[in-house]
Peer 1: 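Handing you this structure, nothing more for now.
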Amino acid sequence: MSSTPAAAGEVLLPAAHGVALGVAAGTLVKVTNPYGTQAIDFWVYNAADHSEFLSMDNLRSVNSVVAANRDTRLVSTRRRTLVTIVEDTSSGNHDTLLCPCNAAIYAEHGCEGYHRSCSDNHHEALGALGITVPTTPAALNLFMSVRVEPDGTITRLLPSSRPGSHILLRAEMDIVMVFSNCPQDVTTINGPDRTPRDCMLEVIPASKAAA
Ligand SMILES: [Zn+2]
């Protein structure tokens, strides 16, 4: 199954919602964090075969890192590079360790009734492209930092990117990118005021990228 490439131009990634884009090889996608505070869960699928997708365990194995930066190869379950980080003006160290938020997490937090989640956003955004996948893979958590302590525990850090920070991603094959503007409003992962905020995506065609 293939996916029609998204049109060039800007796409709103609304607070607490998700967006999926078909992206042809060579196309750039710019992810801008206007306030610097928003965590964005990110997944990638091979457009022709959704059983191949961005893999956090293979990423850590291939790169020998626990967080992604400019030089990190974003590899698939088959250890092929799906995406290259071309630019990164954020504070870096994008988390690979923590799971996408899901209904069970918000129930643990004591939320009553439905609460949006990155897991649901992932499936909802893919559904808008007519794509169904059986599970929610681990995400690359853009703009989200954690610290692994000497005793092996994880400390969740406050967001530390400057307002207007961006990451520029290049598709290395025909793929589907999925972004979730994390709806977390109980913990401070999206800033001390616990408020998800809009972000922007910009699709830049390969022809313009090379110009
Ligand atoms: Zn989330």
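Position 1 is the first residue of the sequence, and the numbers go up from there. First listed ligand is number 1; within each ligand, the first listed atom is number 1.
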Peer 1: Would you name the heavy atoms of V176 and A20 that are closest together and state the gap between them?
Peer 2: CG1-CB, 4.4 Å

Peer 1: Who are the side-chain hydrogen bond (donor to acceptor under 3.5 Å, both in side chains) partners of T84, not counting sequence neighbours?
Peer 2: E172

Peer 1: Without hydrogens or angle criteria, can the side chains of R170 and T81 be said to hold a donor-acceptor pair below 3.5 Å?
Peer 2: no

Peer 1: Would you mind listing the cluster partners of M200? Hydrophobic ones only (ILVMFWY), side-chain contacts under 4.5 Å, chaining allowed.
Peer 2: L12

Peer 1: What's within reach of the Zn ion (ligand 1), meaning protein N/O/S atoms under 2.8 Å?
Peer 2: C101 SG, C118 SG, C182 SG

Peer 1: May I ask you to check whether T32 and E202 show a side-chain donor-acceptor distance below 3.5 Å?
Peer 2: no

Peer 1: Who clusters with Y106? Use side-chain heavy atoms, under 4.5 angstrom, across I, L, V, M, F, W and Y, and order the result by chain and number.
Peer 2: V186

